[in-house]
Participant: 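I'd like to ask some things about the structure below.
Each chain gets a letter, A, B and so on, in the order its sequence line appears, and its residues count up from 1.
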Amino acid sequence: MTRPTIAVHKFSSCDGCQLAFLNAGEDLLELAGLVDIRHFLEAGVADEDAGVDIAFVEGSISTAEEVERIRRVRANSGMVVTLGACATAGGLQALRNLDGRNDAWKQAVYAQPEFIGTLEHAEPVAAHIDVDFALWGCPVNGRQVLAAVRQLLFGVTPLDPRDKLCHECKRQHAVCVMVADGRPCMGPVTRTGCGALCPRFGRDCYACFGPAENANTAAMGARLDGLGLPPADIARRFLFINSHAPGFLEAGRKHYRSDFGDD
Amino acid sequence: MTERKVSIHVPALTRVEGEGSLRLRIEHGEIEELALTIFEPPRYFEKFLEGRRHHEVIDTVARICGICPIAYQMSAAQALENAFGMTPSDWVRDMRRVFYCGEWLQSHALHVHLLAAPDFLGFDSVVGMAEKYPDEVRRGLRLQGLGNRLIGLLGARSVHPVGARVGGFHRAPSLAEVDAMLDKLRGALPDAESLIAWAASLPMPDDPQDFVSVALRHPTDYPMTEGRIVADNGLDIDVADYESRFVEEHRAQSTALFSLLDGQPYLVGPLPRLNLNLDRLPASSRALLDATGVRFPSDNMFHSLLARTIEIHVALVEAIRLLEDYRVPDSPYAEPTVMAGSGCGATEAPRGLLWHRYVVDAAGIVRGARIVPPTSQNQARIEVDLRRSLLAFGLDHADDALRLRAETVIRNYDPCISCATHFLRLDVERR
Amino acid sequence: MNPYLPRQAEVVSRTVESGDTFSLGLRLTDGEPYDFAPGQFNMLYLHGCGEVPISVVADDPDSDILTHTVRAVGRITRGLEQLQVGDRIGLRGPYGRGWPMTQAEGRDVVVVTGGLGCAPSVSIIHHILGHRGGYGHLSILQGVKHTDDLIWRAQYDAWAQLPDVDVLLAADVAEPGWHGHVGLVTALFDQLRLEPARTIAMLCGPEVMMRAAADGLHAIGLAEDRIYLSMERNMQCAVGHCGHCQLGGSFVCKDGPVFAWPEIRPLLGTRGY
Amino acid sequence: MNSSSFLPRDALQSLIDVLQDRGYRTIGPRAQDGAIQYLDIDDVAQLPAGTGDHQSPGRYRLHDGTSPRLFAWANGPQALKPWLFHARETLWCSTRGADGRLSFAAAPVDERPLAVIGARACDLAACHLQDRHFVDGMTDPAYAARRRGLFTVAVHCTQPAETCFCASTGDGPRAGEGFDLALSELDDGFVVVAGSAVGQTVADALPTRTASREQLAQADAEIAGAAARQTRHLPSRDLRAALFARLEHARWDDVAGRCLACGNCTSVCPTCFCHAEQDVPSLDGTSSEHVREWDSCFSEGHGYLHGFQIRPEIRHRFRQWMTHKLGSWHEQYGRSGCVGCGRCITWCPVGIDITVEAQAICGDADGGNA
Ligand SMILES: Cc1cc2nc3c(=O)[nH]c(=O)nc-3n(C[C@H](O)[C@H](O)[C@H](O)COP(=O)(O)OP(=O)(O)OC[C@H]3O[C@@H](n4cnc5c(N)ncnc54)[C@H](O)[C@@H]3O)c2cc1C
Ligand code: SF4
Ligand code: SF4
Ligand code: SF4
């Protein structure tokens, strides 16, 4: 029996999501026996253009070279799975897309901005190619990644939990930090996946897993307002790690004035 | 002798965090071109911070690097507390050290086993190495996993942990959790001990060279989260004075930025840390080091790997020491009194000194930020080392051997390219 | 007894019915008895992936093979599609209240199905044909979106040859050579040969189709409480615990899936129930 | 069984000790992470002496006081439900051999008996409802095993929160039945009543004395006072007809605009039973745990059919919740699914109030029979 082939590709990112594999401990060795890893630079395997069954892609697309490379990944891969917030929704670096700040920053930062080969926007992978499955989170949850790999090995689509974090928060018996402590928790609009880490640690969720299905961002914004957050702060609650995820972008823009100034 | 013309291009370096490439051109036995290129696109972190409230910084800077988020969080917390004129409680300082021990364990174990050791044992990757050295690889994965769990104790998860905040931690672990962790840490000591002996026995090139070691130095402890910045050239300054001696410079033909100390390349990371702080090692770590027979301070860059294994032991010993005295505090943090100001922070990331400065306004909103990661500090040094290491190795070696040697040299620095690519003042010249 | 625990079943046959529809013949391996009534369903379990409710199409009286006809639409059903003869799965059941075969005794029966709704109703036909004297005239009406979706053509042709059985087929979109009706299945009601007062109707298919059919049959004189519908809802446990299948106060898994029209009429078609 | 005795405050530890001696794991209220939670207790010192609470829609705060009382608070986010109907639990495990054969094994159930000290009337009523769901008819083995081993020490409620309305649903504040022991807390101790034969044997083992007439009178007065202080109520105990007659009421849209569909109300509700199942296989695929976890009618999966969502909008989900809880529950279990604990009001992050919404939709209903 031939083992399925996989590749892990890196684009603009912090490397944290790839660690879901490298941090897997014994599971990493087990995985290496179940699949044939053809390309994974950080693990020492380099064959960028290898044809594979499943390609995992970390990072957002933010240079012309990356646009070209992600197209090659698509062409060489049976399935493309995005790994984490950057690949799935643009990630933190997509903050530069807001209000054309990219150009302003380029001017401010680089002596010769015309040579900086970055695109105006840092974009999710799906803005450039078809994506078969998306794993959210900044970083992804390692257990979720391996579970997805397992389902793919079974020949079945992985589960895609899109429920609000509150469901999981309650299953974990965390005390609600919004109700019991007045914190601006984003759990009610954020998808599950992390295991409700922040509320379990007594703090508010900052939405690193992106928007949940049917997220009522208007009601959420109103609640944050009720907790005393100024509009710019409400905007920043939405415009953080998943600023370009549908739902969050519009919600953030509604409260967003300019340049996040305090008002 | 050599009349051949060699051009080696390693388009994508493997087993380094992030992506970089190396261009090497040798003509008539001379290195005509040697450039380590970082092609990770810039990620503008300092700009993202402007306009955000101080308490958002910790979660933001973690995202600069998935391998050493705690270093970013701890340097930032320190800098902001500094700006607010607050000193964290002893409990907080102890727990930060424990937190940091987790990162050293995790990052060093990852680097030693998954990234560097295959070089010295002649494997392409850890997967191949695991077949021949299953016990060693499993030992590494155990230590790495333990580091992750130790981070989780205070941070909930090991990549971009959520537990840290300005003023302390969001949550204090329970006694039961700490006890369970202590058991695991104690149980890992034999692994760390045998790891040091194993690392000392690895076939290492003997390659002495001149370099300036820079690290933090603490009055009593092995440096991690606090200290003055010192160097073996006599430098001894306060963290706040960093910018007066360290300058980032741009050089032609490279897209990366070089940090220089008084105009010269220098080295940060485990080897300089150890070289400068031998007298701060816990006694048991010191004894293990002495038993290797390797003389420190060492001027062999390849002893970085051995230094990492010593630091894995230090991390275990220190975490055990601090957690043995653990008590649950009344509050795991102190709320900062926000005021306008500016503050610096520096900690010893696994890869070396990580320096931050923030300017905040009276509302606690960040107005300016500067972050100097270890990889940019080592940049100049890596190129110097590459040039002379390859010459010492002998340019008439076959291409593959040259390439492997070059990669080995680079990987030995454990460069973290994601960290390095938030550079802000970057002048680019192309020909 | 743990009501959630599956039994092992072996795939003994696999038939492709159409592009996305296939039938699995399953045999329980534990040798324990298994009995079901027409209209009941099983939970089929794909190892490591999950469970789905699937109706029992028919049991072959001469063997112990349970046939399930499945349309591959999502995670699990596409996984089931990959099974080969000899593979093992989990099976628990049967569950639910099936078709009113007792109430139907001595009556004319009209079976109206849409799409894969034909699967759960094949058992009705088998039962009637197996107890031919016990029932009156049998009308079988099946509607599909496209003629390509029609499975079991030969079977329908065979049934149509039997005495006292009418088979009427309809397709919204027909390929050339189609002899059935083009349009909605409900338009076939004028062609029905039945005695409304002594007729019982059994419907299975998309809810819109069932509502239209129930209205249409009522209009031609069938009593409301003689019209039965088989409902579909999300089911996780199949024993009335998980709560997903609730339709008002009814648990579709145990109070249904077959309901008399008046039982569910108030909520049927109300968006959200 | 009905004779009342008095247990002095300083002898309360004996209750924990007796229960532990009899093999019970003892659970009781503790103030942790800012809320009263039912957790393991070994020592009365762990109980929340003097702690009280302020609750209002979407808000919960504990406060310290000087009272010696240990049960002078209204219920926290959860009570019995998580101990009987676990938030996440493996039902069975599937193992695949090298030859492809599968074998299935039920997950082991921790059958160690549990004693809960401090259960409230509303929670006992809710437990009774969950028994109807999980035990009567098709029996859930894990729930039933835990239920069999459960010993409840009720404490009649004297401190209702602003959000409580158990008096209006008829479920409190006095624990009427379904307990093994019931306590009334007074300043100097507890009036103890046994509610079962086992309860009586435990009561007999306690260093009690006879309760005085005054003590009994005060205990009754405090409970009555608690009922009188409740301000919220539902328009009627049976809102089935009224609700289902108003499925197109404009209020559903109004509440949908405010509702986050976060499912907190269903998670804290002591009677909600919905759950989902999923498989958690090992990485090598040889074994797989079939796990169930709390789900909610506010989740996407609850109303999902392939390619079709029964309840796509928040309005449908909220309406499903309320028409079930207050309406179709009557069809299923002969009463409303609400025991008036008020949790869904307090723990809703945006403070949606079931009594207000019910009033807005059915307020004009004639005793719910409109
Ligand atoms: C009583 C009953 C009898 C059925 N009989 C048949 C039959 O004979 N043949 C057939 O092909 N189909 C039948 N179905 C429908 C079949 O159960 C669904 O197509 C199947 O559950 C889809 O699962 P999936 O994982 O492939 O799809 P996905 O869309 O990936 O669904 C994911 C999950 O959602 C749930 N789900 C999705 N759709 C349905 C649905 N329609 N009903 C219940 N749960 C659902 C399941 O839990 C499923 O695992 C029947 C459904 C019911 C309720
Ligand atoms: S803490 Fe946050 S995630 Fe948890 S229930 Fe409250 S609002 Fe939801
Ligand atoms: S609680 Fe929110 S911010 Fe915290 S880890 Fe989970 S999704 Fe991310
Ligand atoms: S519906 Fe609300 S008040 Fe009623 S029992 Fe449930 S949580 Fe308590």
Participant: Give, for atom OG of Ser77(A) and atom CG of Asp53(A), the distance between the pair rounded to the nearest 0.5 Å.
Facilitator: 9.0 Å

Participant: Please state whether the side chain, the backbone, both or neither of Gln278(D) comes within less than 4.5 Å of a heavy atom of chain A.
Facilitator: side chain

Participant: Heavy-atom count check: over 12 atoms from other residues, nucleotides or ligands less than 6.0 Å from Asp130(A) CG?
Facilitator: no

Participant: Below 4.5 Å from any heavy atom of chain A, which atoms of Gln32(D) appear? Answer side chain, backbone, both or neither.
Facilitator: backbone

Participant: Between Trp347(D) and Tyr60(D), how do the two ring planes meet: parallel, tilted or perpendicular, split at 30° and 60°?
Facilitator: tilted

Participant: Any idea how Phe134(D) and Phe85(D) line up, ring-wise: parallel (<30°), tilted (30 to 60°), or perpendicular (>60°)?
Facilitator: tilted

Participant: Contact part of Gln78(D) toward chain A, heavy-atom cut-off under 4.5 Å: side chain, backbone, both or neither?
Facilitator: side chain

Participant: Relative to chain A, which segment of Arg258(D) carries a heavy atom at a distance below 4.5 Å: side chain, backbone, both, or neither?
Facilitator: backbone

Participant: Name the region of Thr266(D), side chain, backbone, both or neither, that has any atom closer than 4.5 Å to a heavy atom of chain A.
Facilitator: neither

Participant: Under 4.5 Å from any heavy atom of chain D, what part of Asp163(A) do you find: side chain, backbone, both or neither?
Facilitator: side chain

Participant: Just so I understand: if I count every heavy-atom pair under 4.5 Å between each of Arg162(A), Met178(A), Met220(A) and chain D, which residue has the most?
Facilitator: Arg162(A)

Participant: Measure Ala180(A) against the heavy atoms of chain D and call it side chain, backbone, both or neither at under 4.5 Å.
Facilitator: both

Participant: Is it the side chain or the backbone of Leu146(A) that comes within 4.5 Å of chain D heavy atoms, both, or neither?
Facilitator: both

